[in-house]
**Student:** 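Okay, handing you the structure first.
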Amino acid sequence: MKILRTISQTQNLTSKLRSKNKIIGFVPTMGFLHNGHLSLIKEARKKADIVFVSIYVNPLQFAPTEDLSRYPRDFKRDEKLCKDAGADYIFYPSDEMMYPRGFSTYAVVEKLTSGLEGKIRPEHFKGVTTIVLKLFNIVQPHFSVFGQKDAQQAAVIKKMVKDLNVNNKIVIAPTIREADGLAMSSRNVYLTNEQRADAPYLYKSLQYAKRKIMLENYNRDIDFLRSQMSKLIKSRKTATKIDYISFNDYDTLEEIKSLKNFKFDKILVSLAVRFGKVRLIDNIVIKR
Ligand code: PAF
């Protein structure tokens with residue numbers, strides 16, 4: 001496995017690989033890898049001749065109030081994990097390389113970014129789509145793998161790729177969970193023991209909604225489900241604030257207020273909850 005630190009080196013290599021008809025699979029990450037990321041790399045490995053992983057903590061997707069400098073980093077550990085998971089190359093650029101002085105062009109997906117995470121973190125998706133489009137232009141993958149854990153990010157990237165005719169297939173891989181149901185996330189390392197013990201209640205509350213809709217055919221207002229989920233989460237004393245619990249159409253992210261007469265293929269139930277300073281997100285997709 002090789003580490004590539006420059007854009008020109010990476011673009012030259014991927015152009016050559018493409019000219020030799022090699023299938024390039026790509027997994028963009030911000031490092032501090034966990035089993036969730038490794039499952040994305042393994043997914044890419046199944047279908048690609050060459051697997052690229054990028055490791056770059058993108059300053060553009062952090063608000064000034066979010067502590068970018070506190071984001072966990074450990075490149076040596078990431079390098080070993082990537083190698084063991086079957087990656088061929090890591091693209092590992094510097095800030096100066098990605099955002100040179102005078103940088104002033106952005107990719108923005110409208111509408112899909114106005115609710116959920118976009119409401120709480122208004123500039124976040126502009127940062128995500130800009131860096132992801134840049135990475136696509138550098139790595140030139142045939143397909144890229146993202147996790148279902150960041151459901152809105154996945155929907156936004158799919159939309160950007162469609163609207164801007166980016167020649168790259170987006171593959172969404174399932175959320176990987178700890179044995180007690182907590183979704184794997186780089187942020188989990190910040191949880192205290194007490195918070196860690198309470199955090200699986202997020203998944204428990206999502207499963208409650210799924211059970212009500214799928215097994216009990218619940219078909220009334222969403223407010224009732226939301227308040228029951230909220231009660232369950234608030235029963236844990238380290239869950240300090242629920243930013244949102246939301247029911248949306250999986251593809252359009254349109255908010256669903258009632259299930260009465262509502263015909264759906266897939267509902268996305270998502271939430272964001274703060275445990276002190278640690279903010280966790282999770283979601284579940286309900287299919288019919
Ligand atoms: O999901 C992430 O880790 C990041 O948002 C991504 C896609 C690597 C862009 O910085």
Side-chain angles (χ1 to χ4, degrees), residues 4 7 10 25-41 43-44 51-63 66-75 77-79 81-82 85 87 89-95 97-99 103 105-109 112-113 116-118 120-139 141 143-161 164 166 168-176 183-190 270 272 278-283:
L4 302 164
I7 293 172
T10 309
F26 176 43
V27 181
T29 81
M30 297 209 297
F32 210 71
L33 306 179
H34 49 69
N35 284 339
H37 296 110
L38 303 183
S39 75
L40 306 183
I41 300 173
E43 184 62 35
V51 174
F52 274 78
V53 176
S54 64
I55 296 185
Y56 180 60
V57 182
N58 173 34
L60 205 61
Q61 68 192 74
F62 287 77
E66 297 167 348
D67 200 349
L68 169 65
S69 62
R70 240 183 112 228
Y71 198 84
R73 298 163 206 241
D74 188 342
F75 184 70
R77 180 176 161 274
D78 287 345
E79 192 181 341
L81 289 172
C82 282
Y89 293 96
I90 298 178
F91 177 55
Y92 183 52
S94 64
D95 286 342
M97 183 140 308
M98 295 312 272
Y99 298 111
F103 182 91
T105 305
Y106 304 91
V108 177
V109 174
L112 279 188
T113 54
L116 304 171
E117 288 300 289
I120 315 277
R121 309 174 71 194
E123 293 291 296
H124 172 70
F125 285 113
K126 177 180 170 187
V128 171
T129 39
T130 300
I131 193 68
V132 167
L133 187 57
K134 280 170 71 69
L135 290 167
F136 287 169
N137 285 332
I138 295 164
V139 175
F143 72 92
S144 301
V145 191
F146 291 83
Q148 174 58 36
K149 155 98 189 336
D150 295 300
Q152 188 176 17
Q153 170 171 283
V156 167
I157 288 165
K158 278 198 272 182
K159 182 79 172 122
M160 173 181 76
V161 162
L164 298 183
V166 182
N168 175 17
K169 185 173 184 291
I170 303 302
V171 176
I172 309 300
T175 302
I176 303 296
M184 291 195 186
S185 161
S186 306
R187 293 191 163 86
N188 293 352
V189 293
Y190 297 136
S270 60
V278 190
R279 183 171 183 276
L280 299 182
I281 60 170
D282 199 356
N283 68 77

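The first residue of the sequence shown is numbered 1, and numbering continues consecutively from there. This one's a predicted model, so the numbers in the text were calculated from it and none came from an experiment. In listed order, ligands and their atoms are each counted from 1.
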**Student:** Do any N/O atoms on Q61 end up under 3.5 angstrom from N/O atoms on ligand 1?
**Tutor:**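 Yes, there is a polar N/O contact under 3.5 Å.
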
**Student:** Which of the numbered atoms in ligand 1 are under 4.0 angstrom from any heavy atom belonging to Q153?
**Tutor:** 1 (O), 2 (C), 4 (C), 5 (O), 7 (C)

**Student:** Centre-to-centre under 6.0 Å for F52 and Y89, is that the case here?
**Tutor:** yes

**Student:** Report the distance from atom CG of D282 to atom NZ of K149, rounding to the nearest 0.5 Å.
**Tutor:** 7.0 Å

**Student:** Are any non-hydrogen side-chain atoms of Y56 and P28 less than 4.5 angstrom apart?
**Tutor:** no

**Student:** Can the ring centres of Y106 and F103 be said to be less than 6.0 Å apart?
**Tutor:** yes

**Student:** Could you list the atoms of ligand 1 found under 4.0 angstrom from a heavy atom of M30?
**Tutor:** 3 (O), 4 (C), 8 (C), 10 (O)

**Student:** Flag the pair Q152 / H124 as yes when at least one side-chain heavy-atom distance between them is below 4.5 Å, and no otherwise.
**Tutor:** no

**Student:** Heavy-atom contacts with T29 under 4.0 Å: which atoms of ligand 1 show up? List them by number with element.
**Tutor:**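 Ligand 1 atoms under the 4.0 Å threshold to T29: 8 (C).
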
**Student:** As an exercise, identify every atom of ligand 1 less than 4.0 angstrom from a heavy atom of I131.
**Tutor:** 9 (C), 10 (O)

